[in-house]
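The shown structure was predicted, so the numbers you read here are calculated from the model rather than taken from an experiment. Throughout, a chain's letter reflects where its sequence line sits, starting with A, and its residues are numbered from 1. The figures that follow rest on heavy atoms only: side chains count, while hydrogens, waters and symmetry mates do not.
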4 protein chains.
Amino acid sequence: MRLFSEAGFHATPTSRIAKLSGVATGTLFHHFASKEALINELYIYVKRRLREVLRHELDAALDFCTQLLRLWCVDVRWFLGHYDEFIFMRQYCDSHLIDARTKELLYQDFEPFIELFRAAIISGLLKNDHLEFVLSHYVANVQHCTFYMYQFPDALSDARLLHFFEIYYGGIAIQPTKENDQ
Amino acid sequence: MRLFSEAGFHATPTSRIAKLSGVATGTLFHHFASKEALINELYIYVKRRLREVLRHELDAALDFCTQLLRLWCVDVRWFLGHYDEFIFMRQYCDSHLIDARTKELLYQDFEPFIELFRAAIISGLLKNDHLEFVLSHYVANVQHCTFYMYQFPDALSDARLLHFFEIYYGGIAIQPTKENDQ
Amino acid sequence: MRLFSEAGFHATPTSRIAKLSGVATGTLFHHFASKEALINELYIYVKRRLREVLRHELDAALDFCTQLLRLWCVDVRWFLGHYDEFIFMRQYCDSHLIDARTKELLYQDFEPFIELFRAAIISGLLKNDHLEFVLSHYVANVQHCTFYMYQFPDALSDARLLHFFEIYYGGIAIQPTKENDQ
Amino acid sequence: MRLFSEAGFHATPTSRIAKLSGVATGTLFHHFASKEALINELYIYVKRRLREVLRHELDAALDFCTQLLRLWCVDVRWFLGHYDEFIFMRQYCDSHLIDARTKELLYQDFEPFIELFRAAIISGLLKNDHLEFVLSHYVANVQHCTFYMYQFPDALSDARLLHFFEIYYGGIAIQPTKENDQ
DNA sequence: CATGAATGAGGATTCATTCAT
DNA sequence: TATGAATGAATCCTCATTCAT
């Protein structure tokens with residue numbers, strides 16, 4: 001994880017992965033068919049850890065905006081606390097190294113979150129009603145927020161996260177957040 | 001350009017660059033000190049071409065929102081018409097491969113555009129008053145817009161570009177665009 | 001060894017070293033960090049083999065002249081029997097390719113022999129009393145003797161070796177060899 | 001000259017030779033058929049310059065020992081004043097890079113000096129009567145003397161040169177120098 | 001005659017992967 | 001199952017030499 005995010009896939013020899021992991025090079029290839037297989041499994045592993053963290057924020061009893069704000073906060077916080085993972089995902093989410101099967105697998109894993117956005121579109125809460133746009137727009141802005149907060153670290157207050165969320169949400173929502181009662 | 005954006009820096013042998021360029025391998029190294037030097041000069045070249053295109057949109061006679069909209073449209077349109085360049089810049093703008101000297105050089109080149117945002121902050125037009133945030137937020141959203149429009153190509157109408165701009169600008173501006181008469 | 005002495009360091013591709021050694025190119029670099037490291041280790045290896053051969057000739061019970069004659073004979077004979085090693089050492093003993101650490105290491109290894117000369121100087125046996133001169137003068141004349149005897153091979157008789165030793169020793173010693181009863 | 005002696009033939013690119021010479025790479029190949037041809041001509045050039053310097057020391061009116069001492073002094077002094085040339089010659093005199101034709105040519109050039117030694121042998125002045133031995137023995141000791149004096153520079157007095165000559169000559173001559181009246 | 005860009009074969013080194021132990 | 005030495009194809013880069021200007 002650390003090596004791939006710091007140096008990149010091709011600049012990271014399997015020998016260094018093995019050394020850092022405290023195993024022999026050969027051992028790596030007992031557990032993973034190839035370097036490509038390794039990065040794919042790693043990618044799946046990271047996204048699933050993230051999903052576990054986010055899962056608890058979904059609460060059908062709450063309205064869309066509140067749930068989304070909670071997701072946003074947990075998302076950004078987790079990435080800030082796992083910056084290697086952040087760089088890693090940012091780097092490989094569109095890469096050819098992650099194969100179609102892996103992407104498909106993960107798309108299904110995140111179905112509950114996708115469903116949240118789908119419902120919001122149906123309820124007419126958003127300016128744009130194309131699911132793909134809304135999803136990628138959310139991801140892009142979470143990534144930007146994380147990147148910025150990492151570059152310019154400050155008190156990691158709820159207030160700052162809320163401020164960035166408002167900028168994001170104020171753009172996409174028809175009715176901006178009126179009551180910031182979190 | 002095409003090779004780096006498609007396969008990445010490390011997965012692109014200099015021999016393939018040479019062959020595609022119709023020159024010998026040695027010729028490459030006659031013009032560029034190393035593969036790293038090549039990608040740096042390429043990066044500078046692309047950003048400068050983009051700057052030339054954007055430069056004409058700056059017009060001190062117009063208000064901030066109008067100028068920004070014009071930049072947004074030209075930016076996205078140019079990237080859609082030069083998608084290899086888009087992928088390339090997206091991939092390397094934060095990479096270690098682009099060295100500090102190159103980044104510094106380009107930061108200076110884009111000073112006029114940075115100035116535009118600086119003035120807007122001073123005029124109190126934006127919700128966030130940190131220049132670095134505002135700049136990277138613009139870039140992130142232009143990139144997302146481009147990426148999305150490329151994935152889901154449609155009529156490249158002014159209306160769509162304006163719609164995405166409103167989502168972006170509606171988030172960051174205190175006073176959303178009132179009159180969209182462009 | 002053979003390749004370096006015949007063609008020289010730069011004119012010997014690692015691929016040829018590997019082929020002649022019956023291993024793959026990669027294997028070479030598994031055992032030696034670089035071509036430079038290889039030649040350094042080779043140099044150390046050769047000098048240590050020579051030292052092992054010479055070591056048995058030191059005998060504190062004998063006088064300086066006798067010990068030196070024995071060293072001279074074994075030295076020249078070993079070089080004549082290992083002419084690749086001779087050419088190799090002659091070529092690289094002053095080369096930049098052999099790094100300072102290697103030279104320092106070997107200087108220590110040959111301390112017993114150096115001690116022999118040091119004692120002779122203290123005993124006032126030699127015309128010149130600078131250790132560095134005496135050592136390098138011995139080496140230069142052993143090398144010349146070897147080189148000449150290789151160029152003009154003849155019966156490798158003790159008599160010839162003794163004759164050349166007398167020419168060498170007659171120059172440096174205050175009291176030339178009186179009794180050549182070895 | 002400087003480049004070949006400092007870095008060696010293979011480690012000296014023709015481009016660097018050209019740059020240091022203040023000409024273009026192509027120009028080099030107008031004057032010399034190849035890099036090998038260049039080093040051969042350079043070798044000839046150096047040896048001929050040395051010969052010119054030594055020539056004046058030959059004086060048939062003087063006895064062998066005196067002439068040889070004069071040659072020795074001028075030889076060592078010239079090399080100390082032209083150390084690049086010294087390293088160069090030392091490095092390439094036995095190299096495959098200097099072809100047989102060049103060596104033959106120079107052997108003829110040095111005929112007058114060879115003649116000096118030939119006469120001394122016939123006159124029975126030397127312990128060894130093989131011309132090749134006597135010549136190479138002289139060269140080896142001049143080289144050693146030069147090398148040592150360069151390593152341990154001191155006042156370049158006539159006395160020191162004479163001291164080293166006596167060590168050399170005391171070995172090879174049947175009748176050592178009796179009167180050091182130079 | 002001088003130039004220096006272009007050439008492409010050649011060389012040192014790396015690294016994913018294999019396999020005998 | 002774990003190991004790590006061995007492999008050799010692949011890669012970046014160098015450099016002697018050519019040749020059009």
Side-chain angles (χ1 to χ4, degrees), chain A residues 3-4 7-19 21-39 97, chain B residues 3-4 7-19 21-39 97, chain C residues 3-4 7-19 21-39 97, chain D residues 3-4 7-19 21-39 97:
Chain A
L3 294 174
F4 282 153
F9 181 76
H10 291 288
T12 301
T14 51
S15 58
R16 207 174 326 160
I17 300 172
K19 192 170 293 173
S21 309
V23 297
T25 14
T27 310
L28 233 58
F29 288 88
H30 267 287
H31 295 284
F32 304 95
S34 69
K35 207 185 172 190
E36 267 81 13
L38 189 154
I39 202 175
L97 292 169
Chain B
L3 295 174
F4 282 153
F9 182 76
H10 291 290
T12 302
T14 51
S15 58
R16 212 180 317 166
I17 300 173
K19 194 168 290 172
S21 309
V23 298
T25 350
T27 308
L28 230 59
F29 290 90
H30 187 71
H31 293 284
F32 304 94
S34 67
K35 207 183 169 190
E36 266 84 12
L38 188 151
I39 202 175
L97 293 170
Chain C
L3 294 173
F4 281 154
F9 182 76
H10 290 291
T12 302
T14 51
S15 57
R16 213 179 317 165
I17 300 173
K19 194 168 291 172
S21 308
V23 298
T25 352
T27 309
L28 231 59
F29 290 89
H30 188 70
H31 293 285
F32 303 95
S34 66
K35 206 182 169 189
E36 267 82 14
L38 188 153
I39 201 174
L97 293 169
Chain D
L3 295 174
F4 282 152
F9 182 76
H10 290 290
T12 302
T14 51
S15 59
R16 210 178 322 165
I17 300 172
K19 193 171 290 173
S21 308
V23 298
T25 13
T27 310
L28 234 58
F29 289 87
H30 267 286
H31 294 285
F32 304 95
S34 68
K35 207 185 171 189
E36 268 81 12
L38 188 153
I39 202 175
L97 292 169

If I take atom [atom1] from residue [X] and atom [atom2] from residue [Y], how far apart are they, to the nearest 0.5 angstrom?
X: D:Thr25; Y: D:His30; atom1: OG1; atom2: NE2; answer: 11.0 Å
X: D:Phe9; Y: D:Lys35; atom1: CZ; atom2: NZ; answer: 4.5 Å
X: B:Phe4; Y: B:Leu97; atom1: CZ; atom2: CG; answer: 8.5 Å
X: D:Leu38; Y: D:Ile17; atom1: CG; atom2: CD1; answer: 5.5 Å
X: A:Leu3; Y: A:Lys19; atom1: CG; atom2: NZ; answer: 11.5 Å

Nearest-nucleotide pick for [X], side chain only, options being [options]:
X: C:Pro13; options: E:dG11, E:dT17, E:dA2; value: E:dG11
X: A:Thr27; options: F:dT17, F:dT3, F:dC12; value: F:dT3
X: C:Ala24; options: F:dG8, E:dT7, F:dT17; value: F:dG8
X: D:Val23; options: F:dT17, E:dA5, E:dT3; value: E:dT3
X: C:His30; options: F:dT3, E:dT13, F:dA5; value: F:dA5

Value in whole Å for how far the [atom2] atom of [N] lies from [atom1] of [X]:
X: B:Phe32; N: F:dC12; atom1: CZ; atom2: C1'; answer: 16 Å
X: C:His10; N: E:dG10; atom1: NE2; atom2: C1'; answer: 15 Å
X: D:Arg16; N: F:dA16; atom1: CZ; atom2: P; answer: 10 Å
X: C:Lys35; N: E:dA12; atom1: NZ; atom2: P; answer: 4 Å
X: A:Ile17; N: F:dG4; atom1: CD1; atom2: P; answer: 17 Å
X: D:Phe29; N: F:dC15; atom1: CZ; atom2: C1'; answer: 9 Å
X: D:Leu28; N: F:dC15; atom1: CG; atom2: P; answer: 14 Å
X: D:Ile39; N: F:dC15; atom1: CD1; atom2: C1'; answer: 16 Å

Give a yes/no answer on whether the side chain of [X] brings an N or O atom under 4.0 Å of OP1 or OP2 in [N].
X: C:His31; N: F:dA6; result: yes
X: C:Thr25; N: F:dG8; result: no
X: B:Thr14; N: F:dC12; result: yes

Inset, instruction - Tell me which of B:Gly22 and C:Gly26 sits closer to the 5' end of DNA chain E, going by the nucleotide each one is nearest to. - result: B:Gly22
Legend entry - Nucleotide paired to E:dG8 in any strand shown, Watson-Crick or G-U, under 3.5 Å: F:dC15
Legend entry - Base paired to E:dA20 (Watson-Crick or G-U; both N/O distances under 3.5 angstrom):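 Check on E:dA20: paired to F:dT3, both distances under 3.5 Å.
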